[in-house]
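Worksheet for the structure shown next.
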Amino acid sequence: MDYTKIYQADIATLLGKEDEVLAVVPYRSAPGAERVEATPQVVERRPGPQPRAPRRRGQEVHAEEGRSDGRSLLDRILDIDWPWNRLEWDEKLGGTSVAGAPGSLAVRLADSTRNGVAQYGVVTARRFVVVRRVGPDRFTLVAEAMRGDVVYARRRGRPFQRGRVVIGFTDGSQLAVLTGIFLSGQANRLAAALSPS
């Protein structure tokens, strides 16, 4: 389906005459691991590791009273540090969905479009915008980035994400966008339209 032909006129009225619509594709944030760097304020608020002495005293009290710590055998088995518990399954299966510092272009786009439905990625001559369909012929602007801020756009498929495109920005952040699950035509269209000339 060619969303550009279907929605080009309606989106052009939203964006204005100075923005020529080059491509319109379905847009959704790709599933995967988020690699957003922690700011010093976030690091300061994180609780540190619990001291070992109070934990040990609690274990000794339970042992003296002849009680276990109240956990079942299954809970104890699951708490063992198994090798597969150290794997990051989101990263292994889905790849990285967003990477960068807080406030970077990719993180702002990801936060703005996280739970949206009926969203479309629109490439114009000047910018990359995400719009949401709010009526049969009405759209609203959700997020935007200037085309000059885009360093690359490459199709990088994963299992059940053949329409996955990774967009890199000038601030070093990157965002993975899902345009389709089984087909890659929309992803190729977005990568071709968004790649710097």
Side-chain angles (χ1 to χ4, degrees), residues 1-36 90 93-100 102-171 173-197:
M1 183 179 292
D2 191 354
Y3 293 98
T4 306
K5 287 182 182 176
I6 296 171
Y7 296 127
Q8 185 173 21
D10 297 329
I11 293 174
T13 59
L14 170 71
L15 300 179
K17 294 180 181 179
E18 67 275 359
D19 275 331
E20 176 191 355
V21 176
L22 304 175
V24 178
V25 298
Y27 178 97
R28 197 174 83 191
S29 293
E34 295 186 4
R35 302 280 179 229
V36 180
D90 286 341
L93 296 177
T96 302
S97 64
V98 62
S104 63
L105 290 167
V107 173
R108 284 187 296 169
L109 277 170
D111 288 344
S112 300
T113 61
R114 189 169 310 277
N115 296 321
V117 293
Q119 294 183 140
Y120 296 92
V122 180
V123 180
T124 71
R126 296 184 321 124
R127 55 191 174 153
F128 172 64
V129 299
V130 179
V131 296
R132 180 176 296 129
R133 188 171 164 198
V134 293
D137 58 347
R138 288 187 30 232
F139 291 88
T140 182
L141 184 67
V142 177
E144 67 178 321
M146 299 308 290
R147 283 284 299 275
D149 292 332
V150 175
V151 177
Y152 62 86
R154 299 181 184 118
R155 192 177 80 73
R156 294 284 186 250
R158 303 284 294 196
F160 300 107
Q161 296 184 37
R162 284 190 45 86
R164 185 172 182 266
V165 177
V166 176
I167 304 168
F169 296 97
T170 54
D171 59 4
S173 61
Q174 70 177 17
L175 173 69
V177 174
L178 189 60
T179 63
I181 296 173
F182 298 114
L183 302 175
S184 60
Q186 300 292 347
N188 292 333
R189 186 174 289 130
L190 177 63
L194 200 54
S195 291
S197 301

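Annotation: the span from Leu105 atom CG to Asp171 atom CG amounts to 4.5 Å, rounded to 0.5 Å. Distance check: Glu18 CD to Thr124 OG1 gives 9.0 Å after rounding to the nearest 0.5 Å. In this structure, CD1 in Ile6 is found 13.5 Å from CG in Asp137, a value given to the nearest 0.5 Å. The distance from the OG1 atom of Thr13 to the CZ atom of Arg138 is 11.0 Å, given to the nearest 0.5 Å. The CG atom of Asp149 sits 12.0 Å away from the CD1 atom of Ile167 when rounded to the nearest 0.5 Å. The line from CG of Leu178 to CZ of Arg28 is 4.5 Å long, rounded to the nearest 0.5 Å.
Each of Val131, Leu22, Leu190 was compared with Val122 under the side-chain contact (heavy atoms from CB on, under 4.5 Å) criterion, and only Val131 meets it.
Closest non-hydrogen pair, Gln8 versus Val21, comes out as NE2-O, 3.0 Å. Ser112 and Val142 get closest at one heavy-atom pair: O-CG1, 3.5 Å. Counting all heavy atoms, side chain and backbone alike, Ala99 lies closest to Ala106 at O-CB, 4.1 Å. The shortest non-hydrogen separation linking Met1 to Gln186 is O-NE2, 2.7 Å. Closest non-hydrogen pair, Gln174 versus Tyr152, comes out as OE1-OH, 3.0 Å. Between Ala23 and Arg189, the closest heavy-atom pair is CB-CG, 4.3 Å.
Side-chain contact between Leu175 and Phe169: present, with at least one pair of heavy atoms (C-beta onward) separated by less than 4.5 Å. Contact of the Tyr27 side chain with the Val25 side chain is not registered, since no non-hydrogen atoms from C-beta on lie closer than 4.5 Å. Two residues are said to be in side-chain contact when any heavy atoms from C-beta on lie closer than 4.5 Å; Gln161 and Pro31 meet this criterion. With a 4.5 Å cut-off on side-chain heavy atoms, Val123 and Arg147 count as touching.
Between Tyr3 and Tyr120, the ring-plane angle classifies as tilted under the 30° and 60° cut-offs.
When atom types are taken as modelled, the side chain of Arg164 and the backbone of Gly157 share no donor-acceptor pair closer than 3.5 angstrom. No donor-acceptor pair under 3.5 Å is formed between the side chain of Glu144 and the backbone N or O of Arg127. Between the Arg155 side chain and the Arg162 main chain, a donor and an acceptor come within less than 3.5 Å of each other. Judged purely by atom type and a 3.5 angstrom limit, Thr179 uses its side chain to pair as donor or acceptor with the backbone of Gly163.
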Does the pair Arg133 and Tyr7 meet the rule for a side-chain hydrogen bond (donor to acceptor under 3.5 Å, both in side chains), with working shown? CA-CA 10 Å; Arg133 188 171 164 198; Tyr7 296 127; 2.8 Å; yes

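Atom CG of Leu183 sits in a sparse spot, with 12 or fewer heavy atoms from other residues, nucleotides or ligands closer than 6.0 Å. Crowding of Arg126 atom CZ: a count of heavy atoms from other residues, nucleotides or ligands under 6.0 Å exceeding 12. Annotation for Phe160: atom CZ does not count as buried by contact number, only 12 or fewer foreign heavy atoms lying within 6.0 Å.
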